[in-house]
Undergrad: 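Take this structure, written in structure tokens, and hold onto it; I'll ask about it next.
Computed from a predicted structure; not experimentally measured. The sequence lines fix the lettering, A, B, ..., with proteins before strands; numbering per chain opens at 1.
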Amino acid sequence: MTSAPDQPPAACVLGTLPGPGFEGRRIGIVDLDREGREIGRIDLAEDALPDHVRDRETGAGGGQNGSRPRWIFSDTPKWYPPLLAAGVSIERCHDLRLTHAILARSELVTAPEALRAASDWDAAPADAAAPEQAAALFDVDAGRGFIPQVPHDLEAALAEYARQTTAIETASDPGRLRLLLAAESAGGLVAAEMRAAGVPWDEVEHDRILSDLLGPRPIRDGKPAKMLAKAEEVRAALDDPRVNLDSPNRLLAALRNAGINVASTSKWELRTSEHPAIEPLLEYKKMARLLSANGWHWLDEWVDEGRYRPVYVPGGVVTGRWAASGGGALQIPRQLRPALRADEEWRLVSADVAQLEPRALAAMSGDRAMAEAGFGRDLYSGLVDAGVVATRQEAKIAVLGAMYGSTTGEAGALVPRLRQNFPAAMHLVDSAAEAGRQGGVVSTWLGRTSPPPSEGWQRLQRAANRFDATGADEQRARRAAGDHGRFTRNFVVQGTAAEWALAWLADLRLRLERLPEIDGAPESRVAAHPAAASGPVFSRRAHLVFFLHDEVIVHAPAEQADQAAEAIRAAAASAGRLLFGDAPVDFPLDLSIGERAIKD
DNA sequence: TGACTCAGCGCG
DNA sequence: AAAGCGCGCTGAGTCA
């Protein structure tokens, strides 16, 4: 039974069917119309899924006339990588796991009970890096520290989708929530696509940077020569020829013996001392950091055939930001930026948003003065021009202090000026902080809601309210309340900024997909799944390769680079309108096109 | 030996 | 100078 040709399905629910079949696993697909009614149901062998999806996306199943379906599946890392490995990409999806996580907690949902009861959907993301390990964990370690996975079978998916549909329809603002869920799910697709494509990485350049700074790669696992020499320099200056510089305890003792009066070995504290050992020590620490975090070992492990493939975890941070698991995608040091390098005859188009978070705050709070300070220019300089603060540096400290809840030091002194000049924006974050201090929850612009404080937090507050509470009890409770207030203060800003970035990414992805393939351009490898029976997949079109909170990098054929840049700009403008309508807030980009992802 | 915490530092 | 939000990763150190 298939869908009627005159009405292509609006959505297709995907899931596994019970029992390992004789000829291998089978997949069920249920077609739904716009009202969510079932209009068709088929089943097919797992191997046949990519071709089937391709047909639906490109023609036979309704790909024409703008009627590609929304694919509904349990978990994007489970379903999408094999499709990408077979050269099949999809336009839209609804990720049941990501959606569940948002709906079960959102203040906008008026009837969350049924969703919350379906607790097998409260799962950590699948570890896309090591599905085999996760499976092994299940066998050996069931019940102890095991990360539960969501159900992948068709009936469970249909039931959960029905619960989610009800929750959305009865929400206090379904439109807002739908926007958030579409963006979140699109983010899931982007994460899988970027992992498949990988960041083009120049291993020779990376090795050159390491060799320049640390000395040539040592044979076996020893430390490189320049680092050893630097360590000797430090030990000589400390007059302690044996001390292990990598051990904070022993280093601290050695520093004290040399008459350097510090309480820790962190670099901001060390900088306060003038001792001749300090400068080489700080250099040594920098070298040690580079070697251990992004040295040759990292290169061997994470870069393969010229591609760096970090594991992104969409929705991995409570605020809605992405996290990363393995590969350190969130912390590629600036030192290594020159190693990001486009393929031959390709370009990297890099763009980041200047001051995304304060702009999101201005937009969501409707603070016209703040919006105006940043319109068409650097927001921090705008604050200086408006006479709010004296220098750009002060502006930055004040704005960060306002969003993070600083109360002391320079930031604490500057924040009141913002409160005076931007009352709407400051009222929004101050209210969020107050809600958090009281133990309440707060929500982003599109309705992602913060987690309530933990049981331990509640216990502290109760203890402080007892008749026999000590001063220490009260102090602990006050401190915990303040911590949570700063968390909720930042949550609304960071979370709304993350929503803008997701909308940007989702829109950009579709714009890039609509660009033509360039006949003359060499191919770029965009998928090579280890488990794929098929070979690598190639592209001749611009595609996303990196995303980090407020920054994207697109890999584009040289002659398409300008179009890719325009797509990035257009997507940013579109994201602003989608979230904030006609609010007078812009999101200006720093954008560059080059062989390398370096901005001047 | 593995599982844990902590200090320290990279990113936004 | 340090502080005030969110992360992940490494190596040292500790415990069993």
Side-chain angles (χ1 to χ4, degrees), chain A residues 129 140-141 144-145 221 223 243-252 262-273 281-282 284-295 297-298 301-302 310-337 352-358 360-361 393 396-415 429 432-433 436 442 444 450-451 479 482-498 500-501 546-552:
Chain A
V140 178
D141 208 50
R144 265 198 316 128
D221 280 342
K223 285 178 183 165
V243 60
N244 175 7
L245 303 180
D246 300 322
S247 165
N249 280 341
R250 292 169 200 207
L251 176 58
L252 188 60
V262 285
S264 79
T265 63
S266 54
K267 65 179 181 189
W268 48 85
E269 180 147 13
L270 291 176
R271 270 200 285 256
T272 64
S273 169
L281 175 55
L282 291 176
Y284 175 84
K285 280 161 127 352
K286 199 165 171 66
M287 294 164 111
R289 166 78 196 186
L290 180 62
L291 177 66
S292 69
N294 296 99
H297 183 252
W298 180 90
E301 186 171 2
W302 288 99
V311 180
Y312 298 100
V313 186
V317 180
V318 283
T319 58
R321 273 188 175 182
W322 290 11
S325 145
L330 277 62
Q331 49 205 105
I332 300 300
R334 299 191 152 274
Q335 281 171 305
L336 285 181
R337 277 305 180 107
D352 65 76
V353 194
Q355 305 101 29
L356 173 57
E357 292 191 356
L361 172 57
Q393 182 60 20
K396 192 170 174 176
I397 288 170
V399 168
L400 292 178
M403 295 187 304
Y404 295 165
S406 303
T407 54
T408 62
E410 191 179 351
L414 288 168
V415 169
V429 287
V442 295
T444 60
S450 66
R479 185 180 180 82
D483 287 348
H484 197 248
R486 283 191 301 280
F487 166 66
T488 50
R489 171 191 292 271
N490 187 244
F491 183 96
V492 293
V493 181
Q494 188 182 113
T496 299
W500 182 92
F546 192 70
F547 167 62
L548 181 58
H549 307 322
D550 63 357
E551 173 186 10
V552 296

Undergrad: Can you measure from CG (A:Leu361) to OG1 (A:Thr496) and round to the nearest 0.5 angstrom?
TA: 8.5 Å
Undergrad: If you look at every heavy atom in A:Tyr312 and A:Ala329, which pair is closest and at what distance?
TA: CE2-CB, 4.2 Å
Undergrad: Work out which heavy atom in A:Ser450 is nearest to a heavy atom in A:Thr488; give both atom names and the distance.
TA: OG-CG2, 4.2 Å
Undergrad: How many whole angstroms separate atom CG of A:Leu291 from atom C1' of C:dG11?
TA: 12 Å
Undergrad: Looking at A:Trp268, is its backbone amide N or carbonyl O close enough to the side chain of A:Thr272 to form a donor-acceptor pair, meaning the two atoms are under 3.5 Å apart?
TA: no
Undergrad: Whole angstroms only, please: what is the CZ-P distance between A:Arg289 and C:dA12?
TA: 14 Å
Undergrad: Under 3.5 Å between N/O atoms: give me all the protein pairs with nucleotides 2-6 of chain C, atom names plus distance.
TA:
| from | atom 1 | to | atom 2 | distance (Å) |
| --- | --- | --- | --- | --- |
| C:dA2 | OP2 | A:Trp268 | O | 3.0 |
| C:dG4 | O4' | A:Ser406 | OG | 3.4 |
| C:dG4 | O3' | A:Arg486 | NE | 3.0 |
| C:dG4 | N9 | A:Ser406 | OG | 3.2 |
| C:dG4 | N7 | A:Ser406 | OG | 3.0 |
| C:dC5 | OP1 | A:Arg486 | NE | 2.9 |
| C:dG6 | O4' | A:Gln494 | NE2 | 3.2 |

Undergrad: Only Watson-Crick and G-U wobble pairs with both distances less than 3.5 Å should count. Give DNA chain C in dot-bracket notation, marking inter-strand partners with |.
TA: ....||||||||||||
Undergrad: Want to settle it: does A:Arg271 or A:Ala324 sit nearer the 5' end of DNA chain C, counting the closest nucleotide to each?
TA: A:Arg271
Undergrad: What range of DNA chain B does chain A touch, first nucleotide to last, counting atoms under 4.0 Å from its heavy atoms?
TA: B:dG8 to B:dG12
Undergrad: What's A:Gly316 touching, base or sugar-phosphate or nothing? Going by heavy atoms closer than 4.0 Å.
TA: nothing
Undergrad: Out of curiosity, A:Phe547 CZ to A:Asp352 CG, how far, rounded to the nearest 0.5 Å?
TA: 12.0 Å
Undergrad: So, taking the atom named CD in A:Gln355 and the one named CG in A:Asp550, what distance separates them when rounded to the nearest 0.5 Å?
TA: 10.0 Å
Undergrad: Just grab all the salt bridge (Lys or Arg N to Asp or Glu O under 4.0 Å) pairs involving residues 315-326 of chain A, residues at least two apart or on different chains.
TA: A:Arg321-A:Glu357
Undergrad: Any base atoms under 4.0 Å from A:Arg250, or only sugar-phosphate, or nothing? Heavy atoms, all strands.
TA: sugar-phosphate
Undergrad: So A:Phe487 and A:Phe491, would you call those rings parallel, tilted or perpendicular, with 30° and 60° as cut-offs?
TA: perpendicular
Undergrad: Ignoring hydrogens and angles, tell me if any N or O in the side chain of A:Ser325 forms a donor-acceptor pair with the backbone of A:Val311 under 3.5 Å.
TA: no
Undergrad: Check residues 284-292 of chain A and write down every donor-acceptor pair under 3.5 Å in which the side-chain atom is one partner and the other belongs to a residue at least two apart or another chain.
TA:
| from | atom 1 | to | atom 2 | distance (Å) |
| --- | --- | --- | --- | --- |
| A:Tyr284 | OH | A:Lys223 | NZ | 3.2 |
| A:Tyr284 | OH | A:Asp246 | OD1 | 2.9 |
| A:Tyr284 | OH | A:Asp246 | OD2 | 3.4 |
| A:Lys285 | NZ | A:Thr265 | O | 3.1 |
| A:Ser292 | OG | A:Ala288 | O | 3.2 |
| A:Ser292 | OG | A:Arg289 | O | 3.4 |

Undergrad: Looking at every strand, decide which applies to A:Leu356 at a 4.0 Å heavy-atom threshold: base, sugar-phosphate, or nothing.
TA: nothing
Undergrad: Who are the ring-ring contact (aromatic ring centres under 6.0 Å, His included) partners of A:Tyr404, not counting sequence neighbours?
TA: none
Undergrad: Would you mind reading off the distance between A:Leu245 atom CG and C:dA12 atom P, rounded to a whole angstrom?
TA: 11 Å
